[in-house]
Amino acid sequence: MATGRLLSLATFEDKFWRELRTALGAEFPGLNTDAYDRRAARAAAKEKIHDLLTAVFAAQDHAWWERTPTEIGAPWAPVFTTAQQFLGDPHLTVRNLFSQASGPAPQARFPVRFGSGLNTFRTPAPELGAHTREVLEAMPSAPITAASGPRPPARRRSRT
């Protein structure tokens, strides 16, 4: 894009490609062809399609690309290249996807919301070794004997 930001546009299905090229064909004449309406044709001409879409995306800024695919019903999503972009995304903020309650760094909850009000935020992961003593103390102690250790390799007999 002209602004250097990124987004992912999912036109794998033929219907989404046709909707995109039909809606944008007047503004981008390179898209105004049915030559690539089948996924197999797009795959066979992937370098040409790449060059075409690179030029199309570079012609408009990120705000235009956020608005236009939504208006035409094309499946798209922003591509975040920094943690600040991700944490500040309006969609993720409205969904209350992050919490600061359990440590110094934001924590993402499970993205599915449950009607029963299940809290999907978890406590932070323990520090390395934080539970070692508990685990070792809970294990049954078994004496280590020669029989419980690894066996030495069997000797080969010489055939001479």
Side-chain angles (χ1 to χ4, degrees), residues 1-139 150:
M1 276 175 256
T3 55
R5 302 249 342 250
L6 303 171
L7 66 83
S8 172
L9 183 64
T11 58
F12 297 114
E13 293 180 46
D14 294 341
K15 69 177 184 173
F16 292 127
W17 174 264
R18 282 191 303 273
E19 289 170 2
L20 177 76
R21 70 120 176 132
T22 301
L24 303 181
E27 186 165 351
F28 303 103
L31 288 175
N32 200 12
T33 177
D34 63 0
Y36 309 118
D37 279 357
R38 306 280 302 163
R39 186 173 182 185
R42 292 191 303 279
K46 66 181 177 183
E47 289 84 14
K48 188 171 183 178
I49 296 292
H50 176 270
D51 294 343
L52 171 63
L53 291 177
T54 298
V56 167
F57 276 92
Q60 296 292 344
D61 66 10
H62 191 264
W64 190 90
W65 280 108
E66 282 187 331
R67 182 180 64 256
T68 303
T70 300
E71 290 172 356
I72 64 174
W76 75 277
V79 174
F80 303 116
T81 55
T82 68
Q84 291 77 19
Q85 288 174 342
F86 183 63
L87 294 170
D89 180 69
H91 177 76
L92 302 179
T93 301
V94 167
R95 290 183 44 83
N96 191 29
L97 190 63
F98 303 103
S99 169
Q100 287 286 145
S102 61
Q107 178 194 19
R109 68 169 173 75
F110 187 68
V112 175
R113 304 292 298 261
F114 297 100
S116 64
L118 178 65
N119 181 7
T120 58
F121 285 113
R122 304 286 187 243
T123 58
E127 295 292 323
L128 182 63
H131 297 106
T132 301
R133 181 173 300 281
E134 285 176 53
V135 171
L136 292 176
E137 288 173 353
M139 294 176 65

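We count residues from 1, following the sequence as given.
For Asp37, the side chain to side chain contact (heavy atoms under 4.5 Å, CB included) partners two or more places apart in sequence, or in a different chain, are Trp17, Arg18, Arg21, Asp34. Checked against side chain to side chain contact (heavy atoms under 4.5 Å, CB included), Thr82 has the following partners two or more places apart in sequence or in another chain: Gln84, Gln85. Residues that satisfy the ring-ring contact (aromatic ring centres under 6.0 Å, His included) test with Phe86, not counting sequence neighbours, are Phe80, Phe98. Considering only residues two or more places apart in sequence or on other chains, Ala74 meets the side chain to side chain contact (heavy atoms under 4.5 Å, CB included) condition with Leu9, Pro69, Ile72. Checked against side chain to side chain contact (heavy atoms under 4.5 Å, CB included), Thr68 has the following partners two or more places apart in sequence or in another chain: Leu24, Trp64.
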Legend entry - Derivation of the side chain to side chain contact (heavy atoms under 4.5 Å, CB included) call for Leu87 and Leu92: CA-CA 7 Å; Leu87 294 170; Leu92 302 179; over 6 Å; no
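For Leu136, the CG atom counts as densely surrounded, since its 6.0 Å shell holds more than 12 non-hydrogen atoms of other residues, nucleotides or ligands. In this structure, Arg67 places its CZ atom where more than 12 heavy-atom neighbours from other residues, nucleotides or ligands lie under 6.0 Å away.
Residues Phe12 and Arg39 share a closest heavy-atom pair of O-CD, 3.4 Å. Between Ala45 and Tyr36, the shortest heavy-atom distance links the atoms CB-CE2, 3.7 Å. The shortest heavy-atom contact between Ala35 and Ala41 is O-CB, 3.4 Å. For the pair Val79 and Ser8, the tightest heavy-atom approach, listed with the atom from each and the gap, is CG2-N, 3.6 Å.
Atoms CZ and CZ, from Phe57 and Phe28 in turn, are 9.0 Å apart once rounded to the nearest 0.5 Å. In this structure, CD1 in Ile49 is found 8.5 Å from OG1 in Thr11, a value given to the nearest 0.5 Å.
Ion pairing between a basic and an acidic side chain is recognised when a charged N comes within 4.0 Å of a carboxylate O; Arg42 and Asp14 show such pairing.
Using a 4.5 Å cut-off on side-chain heavy atoms (C-beta onward), Trp65 and Arg5 make no contact. Between Lys48 and Leu52 the shortest side-chain heavy-atom distance does not fall below 4.5 Å.
For residues 126-136, there are no side-chain hydrogen bond (donor to acceptor under 3.5 Å, both in side chains) pairs, not counting sequence neighbours.
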